[in-house]
Chemist: 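One structure is given below, represented as structure tokens, and several questions about it will come after.
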Number of protein chains: 2
Amino acid sequence: MPRESVPTKTRAPRRRSATSAVTMADVAAAAGVSTQTVSRALRDPASVSGETLQRIEEAVRNTHYVQNFAASHLASNRSMTVAAIIPAISTSIFAETIQGLSDVLLPEGYQVFLGHTDYVAAREEALIRSLSGRRPDGFFIIGTQHTRDATHILKRAGVPVVESWGLTSRPIDLVVGFSNHAAMKTVVNHLADRGYHRLTFAGVMKPGDDRAKERRKGFLDAHGERFPGVEPQVVTVASNSMIMATGAELLDLVRATYPETDAIVFTSDVLASGAVLRCNDLGVRVPADLAITGFGNYDIAGHLRPSLTTVAIASRRIGMLSAELLLARMQNKPVTERVIDIGFELLVRDSS
Amino acid sequence: MPRESVPTKTRAPRRRSATSAVTMADVAAAAGVSTQTVSRALRDPASVSGETLQRIEEAVRNTHYVQNFAASHLASNRSMTVAAIIPAISTSIFAETIQGLSDVLLPEGYQVFLGHTDYVAAREEALIRSLSGRRPDGFFIIGTQHTRDATHILKRAGVPVVESWGLTSRPIDLVVGFSNHAAMKTVVNHLADRGYHRLTFAGVMKPGDDRAKERRKGFLDAHGERFPGVEPQVVTVASNSMIMATGAELLDLVRATYPETDAIVFTSDVLASGAVLRCNDLGVRVPADLAITGFGNYDIAGHLRPSLTTVAIASRRIGMLSAELLLARMQNKPVTERVIDIGFELLVRDSS
DNA sequence: CTGTTAGCGCTTTCAC
DNA sequence: GTGAAAGCGCTAACAG
């Protein structure tokens, strides 16, 4: 038959192994309108007549339609996502920041990609690289120091970027943070004012933890100012976890290395709390024999006995402010302040 | 001119306000191959000849190409994402679970969408609904109780779903958890064995916190068994935060309401720690005057004095195991156990 | 091992 | 207020 001679090119249109899911076309068919109208009804209900809207809403319900954001993203070039990159999720003070960020972004329809770097710069770069592929509409990062490539990727992404939890002279875009350096100087000055004069800095120093480095530098600088000529004492460990047991270990280490120490400046309340509790066990009187300070004003700080002198950081607020900055940018609203210094507060309690 | 009479249909092909970003076609052109080959080189380098691969890699570098996952997702029907839904991010024990989940998923190329519900069922449903639009390849959820609609959406999504932190007789798909009910019974039995006989259950009970409810039920059931005829004592608050101050408040409340109490069973170590520290302030001897137990084995539990009797939960392991189950499913590997009971461990310490 | 073609599901553009 | 057509950037399907 002549039909047989039809060129092989004319074959049945391919069907991809589709989701078998309901698409906007199904809704459109059910409502008796075009997909375009469905799209409009979903994004801006007011742009569609009341009756049409109702039919569409009913069709959505009946078909159990769930919009496919990947297609939406591809067509509109807006992903409605924000990528958040933090050193560790289980560090509760960072978790608070993410909660703040999420609290502001979710109601606005933005979803959050979360990744953690374990304080490893190369992992941060890898994460930024792969998250870039998601084409987020904004980036939120804890930290202000990144590899060259990571910085380039962020700049090339063409979307707002918030760096946080620190300050930097060369921001990529936006910054919400405070000076870790100044915070530590404030601690040292407080201790010096109280008459302590053999200070030891103690903490966990991961290679990629720029905040810890800034704090150490703040300690050293303030120490040089207040105790000129006195060799500053620093005791750090690199591989230990941020847990109370590490604080207890560091206490022992400090007492063994620098027995003349009369005040220990810890980089975190977690460590300081572990140290205070160990002092209680050992019969070391805090602050009479030894003053102890922390950082972060964790929940425990005020409840410990003696209560812990520390530096309060508005960690949740960092997340919320960052989200607001990102939102403003993503919605093309004016952003006046590109760098927000949220500051810190020294809380003098009984441990010093 | 005749040209003017060309039908208006013949107009220049539309260009959309494209990303102005580098696409795979640019890389293909630079490498002198088709986009298909670039795609293959990216997803399975071994499927491309060595020389071609090198040229492509160079082209990627030169062009600063970043793959667009939204397009990839749309074309391949795989998003390479997992949606994680938790009650609160800043609850450190849940953060550990997410860290475990993320630790396993990120190296496999999956990215994590994180959302939190604040223990509100309606918010969970809304979150599940909107995250469904992202077409994640899997869902991870803390909790086993959801609204009808939420359950339907999850079932219709056609991807693996892990419910966690509890056990349920009607799982949606996969479960990684433990019996909160049994854990609490174990605590009560321990206290009863030690001779305590006026037990009070104390905690924060958010309406949407099914784990807390299960724990209360476990307390009541065990109490009924061990102290038949004795009215069980329960003191809860609904709107307070999970912070130590709430534990201190609850201690005061229990002592005012049920002064005869000789043991308090808290739903969380955070509360129990706040209570222990307040007891120390008040001169209430723990456990001589009053036994106190917690839940979760937070870092502080072993460092408190007296150290805290509690129930240890392998929270990070919940995340890791869940991720492994999801991965197996997403990669079409066999999954033998659909329900994993990771159990719990009663840690008897000095507070009881 | 590599290329061609069609299509994923949506939104933009343009027309009415 | 609504619709038709085209295209977002990629990969599955097929052919060679």
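Heavy-atom basis, side chains included; hydrogens, waters and symmetry copies ignored. Chain identifiers are assigned alphabetically (A, B, ...) following the order of the sequence lines, protein sequences preceding nucleic acid strands; residue numbering begins at 1 within each chain.
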Chemist: Apply the test side chain to side chain donor-acceptor pair (under 3.5 Å) to residues B:Thr151 and B:His146: give CA-CA distance (whole Å), side-chain angles for both, the deciding distance (0.1 Å), then the verdict.
Modeler: CA-CA 6 Å; B:Thr151 305; B:His146 323 283; 5.7 Å; no
Chemist: Nearest whole angstrom, please: distance from the P of D:dC8 to the NE2 of A:His73.
Modeler: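 To the nearest whole Å, that distance equals 14 Å.
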Chemist: How many Å lie between CG on A:Asn77 and P on D:dC8, as a whole number?
Modeler: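 Interatomic distance, CG of A:Asn77 to P of D:dC8: 11 Å.
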Chemist: Could you list the residues that satisfy salt bridge (charged side-chain N to carboxylate O under 4.0 Å, His left out) with A:Asp173, not counting sequence neighbours?
Modeler: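 Checked A:Asp173 against salt bridge (charged side-chain N to carboxylate O under 4.0 Å, His left out); matches are A:Arg329, A:Arg338.
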Chemist: Roughly, in whole Å, what's the span from CZ in A:Phe69 to C1' in C:dC10?
Modeler: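 Taking CZ of A:Phe69 and C1' of C:dC10, I get 12 Å after rounding.
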Chemist: Give a yes/no on whether any side-chain N or O of A:Arg78 is located under 4.0 angstrom from OP1 or OP2 of C:dC10.
Modeler: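 No, because none of the side-chain N or O atoms of A:Arg78 sits under 4.0 Å from OP1 or OP2 of C:dC10.
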Chemist: Atom CG of B:Asn68 to atom C1' of C:dC8: distance rounded to whole Å?
Modeler: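 Going from B:Asn68 (CG) to C:dC8 (C1'), I get 13 Å.
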Chemist: Return the value, rounded to whole Å, for the distance between atom CG of A:Asp26 and atom P of C:dC8.
Modeler: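 Taking atom P of C:dC8 as the reference, CG of A:Asp26 is at 12 Å.
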Chemist: Among residues 27-42 of chain B, which residues get a heavy atom nearer than 4.0 Å to DNA chain D?
Modeler: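 Correct list: B:Thr35, B:Gln36, B:Ser39.
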Chemist: For B:Glu125, which residues count as a salt bridge (charged side-chain N to carboxylate O under 4.0 Å, His left out) partner, sequence neighbours excluded?
Modeler: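 For B:Glu125, the residues satisfying salt bridge (charged side-chain N to carboxylate O under 4.0 Å, His left out) (neighbours in sequence not counted) are B:Arg129.
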Chemist: Could you check how far CD of A:Gln67 sits from P of C:dG9, rounded to whole Å?
Modeler: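 After rounding, the reported distance stands at 13 Å.
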Chemist: Show your working on side chain to side chain donor-acceptor pair (under 3.5 Å) between B:Glu124 and B:Thr117 and close with a plain yes or no.
Modeler: CA-CA 5 Å; B:Glu124 184 187 82; B:Thr117 68; 5.3 Å; no
Chemist: Is there any side chain to side chain donor-acceptor pair (under 3.5 Å) pair reaching into residues 36-45 of chain B, and which pairs are they, with sequence neighbours excluded?
Modeler: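 Every pair satisfying side chain to side chain donor-acceptor pair (under 3.5 Å) with a residue in residues 36-45 of chain B: B:Ser34-B:Thr37.
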Chemist: Please check if the side chain of A:Gln145 supplies one atom and the backbone of A:Asp210 the other of a donor-acceptor pair under 3.5 Å.
Modeler: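 Checking the backbone N and O of A:Asp210 against the side chain of A:Gln145, no donor-acceptor pair under 3.5 Å is found.
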Chemist: Can you say whether the rings of A:Trp165 and A:Phe94 are parallel (under 30°), tilted (30 to 60°) or perpendicular (over 60°)?
Modeler: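 Ring orientation of A:Trp165 relative to A:Phe94: perpendicular.
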Chemist: Given B:Met24, which of B:Asn68, B:Leu42, B:Thr63, B:Val60 fulfils the side-chain contact (heavy atoms from CB on, under 4.5 Å) condition?
Modeler: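 The residue from B:Asn68, B:Leu42, B:Thr63, B:Val60 that satisfies side-chain contact (heavy atoms from CB on, under 4.5 Å) with B:Met24 turns out to be B:Leu42.
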Chemist: Using whole Å, report how far CG of A:Asp44 lies from C1' of C:dT12.
Modeler: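 The answer, rounded to whole Å, is 15 Å.
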Chemist: Return one dot-bracket line describing DNA chain C 5' to 3' (Watson-Crick or G-U wobble pairs, both distances under 3.5 Å; ( ) same strand, [ ] crossing, | another strand, . none).
Modeler: ||||||||||||||||
Chemist: Give the minimum heavy-atom separation between A:Arg135 and A:Ser79, together with the two atoms involved.
Modeler: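 It is O-OG, 2.7 Å.
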Chemist: Looking at residues 48-63 of chain A, who's got a heavy atom less than 4.0 Å off DNA chain C?
Modeler: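 Output list: empty, so none.
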Chemist: Rounded off to whole Å, could you give me the CZ-to-C1' distance for the A:Arg43 and C:dG9 pair?
Modeler: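 A:Arg43 atom CZ is separated from C:dG9 atom C1' by 13 Å.
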